[in-house]
Amino acid sequence: MSLEQLYQQVILDHARQRHGNTVPISGLPEVPRPPYFGHSHQVNPTCGDEITVEVERREEDGRIVLRWDGQGCSISMASASVLSELAQEAKPDEVAPVMAGFQALMHSRGQGAPDEELLGDAAAFHGVSRYPARIKCALLAWKAFEDALRQASADYPDENGDRSTGAGRNEED
Amino acid sequence: MFDAAEVERIRNDFPLLGHYQEQEAGGRRLAYLDSGATSQKPLSVLEAEQEFYERRNAAVHRGAHQLAVEATEAFEDARAAVAGFVGAGEREIVWAKNATEALNLVAYGFVNASAGLGGPEAERFRIGPGANLVITEMEHHANLVPWQQVAAHTGAELRVIPVTDAGRLDLERAEALVDSATAVLAFTHASNVLGTVNPARRLVDLARAHDAVTVLDACQSVPHFGVDLPALGVDFAAFSGHKMLGPTGIGVLYGRAELLDALPPFLTGGSMITTVDYQQASFMPAPQRFEAGTQPVAQAVGLAAAARYLAETGMDRIAAWEEHLAGRMLAGLQEIPGVRVIGPEEIGQPGDRLATVAFDVEGVHAHDVGQFLDERGIAVRVGHHCAQPLHRRFGVTATTRASAYLHTTEEEIDVLLGTVAEVRGFFLR
């Protein structure tokens, strides 16, 4: 596998033009927290990469508003950008299969065939699964997102009464 | 210094390097530039361990049978060899599982003394609120976090000597920070990130003027140049086996004999006591008082073989070769647009900089740089190298670090430089 397959152009582009990358309000005491809100700060202790993901459930329709900021390698930053693009204004039950699909792809040791229809730009990360040291980079934002979404959804009155966010909260990174 | 033929001869002593050389036809080359993280091992070290297990393995310092006597001899001979390598007496060398444990041993000696253990002779290790502990901005977490713990246990203040933009200790600030309330001055002999070699003798004089105990992190110095610990005058020093061609699982604590005998033990249990009853125990003198439980015996034997290998090769010649490589690496990296060396950009005077060079590539994260280099068979370290606060000090979260050793060739340095020069073109495409 070549480096070009790992670092596909779409990944490098996302790493530069980062979707949803903005100042998190959780660090700004003067900004009031929305009612259905969660935030999660995740670090990769081996390299010091870090990310903060904030999720808000819109009061009127429960759709996701996502903000994130972080520092890290192109894989981790591009992954956060792609996640933001996929999850922005989506419903949690629309995002759940994407999250599950991405996690499965990352743990596929290079064997998984990405479902491009489901994963969109996230399918470009399939090469990462061949590099065990980099899987954590790709999943950092998703782990933070999962945690933030769980918090934001804890009190949100979903129509069907189901408060599940889809992916299990203790799922391994 | 070596010539190319001698480096080639040295490389032949390292089975791992040979293995990857043989594979070269198959397309996989290895330029191992991560000796700062862990070193490769010469055959003599591997053979020494194997010989010990095949001929002399038995429990040491126990048992009266002949084999146990021979194992104990091998174990203590290893101590003598490692002691000799750093100019120390045998009783001044304590085995630990790694340098981190060795540093914790000293730190928790202070904690235990401060909790009242150790009797009157431990008085000089008792500290409390009002005392201070001084470290430097360039410490590895192993010589930083244990002192945070001592501060938390005792109420002592933790002070930090700053590093200049050029990557050297600010000695003027050091003189202001070390004062009559300073209990400990703990500093690294050579930075695992910046490559800076600190003026140990001068820092020891500063500490002595204030009656402070000195603790030296010698992990990056002992493997790379000749170090005589008693001549430096430090009270304690720690170094690891695996960074100096020895096995993993063994580290070394050096302590001046009188201090080691007075420091309360850290780990307690078997093999370190004189008499035990149900309520209390009394302890052996050093070094045994710090060697509770079964020790890394085969590793000690392997480490002694590593020390012999280094001594026979000649530490001064190794240091001169590495300095030559350092100069080549520093000059080459600074010619590459967008590359910034974190640490001294040149060798100031002989012996003041290691061939360990951390650098930042503008616009490309260190992980990505490392991935690119790995694809070309160049093994470097990326990340914060267990020195997060130091990286923050230089405004980066991670760097790429290339570290050479005695077997590194000029060609490997040139391959590194040529490949780093391609990095930005690939990622900023």
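- Ser74(A) contributes atom OG, which lies 10.5 Å from atom NE2 of His367(B) (distance to the nearest 0.5 angstrom).
- When atom types are taken as modelled, the side chain of His384(B) and the backbone of Pro45(A) share a donor-acceptor pair closer than 3.5 angstrom.
- Among His391(B), His365(B), Gln388(B), the residue with the largest count of heavy-atom pairs under 4.5 Å with chain A is His365(B).
- In terms of heavy atoms, Gln371(B) sits closest to Tyr7(A) at CB-OH, 3.3 Å.
- The greatest number of non-hydrogen atom pairs below 4.5 Å with chain B, out of Asp49(A), Asp13(A), Ile75(A), is found for Asp49(A).
- Sorted by first then second residue, the side-chain hydrogen bond (donor to acceptor under 3.5 Å, both in side chains) pairs that include residues 138-149 of chain B, not counting sequence neighbours, are Thr136(B)-Glu139(B), Glu139(B)-Asn143(B), Asn143(B)-Trp147(B).
- Minimum heavy-atom separation, Arg16(A) to Arg429(B): NH2-O, 2.8 Å.
- Under a cut-off of 6.0 angstrom, the local environment of CD in Glu4(A) is crowded, with over 12 non-hydrogen atoms contributed by other residues, nucleotides or ligands.
- In terms of heavy-atom pairs under 4.5 angstrom with chain B, the leader among Glu50(A), Met77(A), Gln9(A), Gln71(A) is Gln9(A).
- For the set Gly72(A), Ser76(A), Cys137(A), the entry with the most heavy-atom pairs within less than 4.5 Å of chain B is Gly72(A).
- Look at Asp368(B) and Arg134(A) and you find a salt bridge, because one of the NZ, NE, NH1 or NH2 atoms lies within 4.0 Å of a carboxylate O, short of that distance.
- Annotation: the span from Phe427(B) atom CZ to Leu12(A) atom CG amounts to 7.0 Å, rounded to 0.5 Å.
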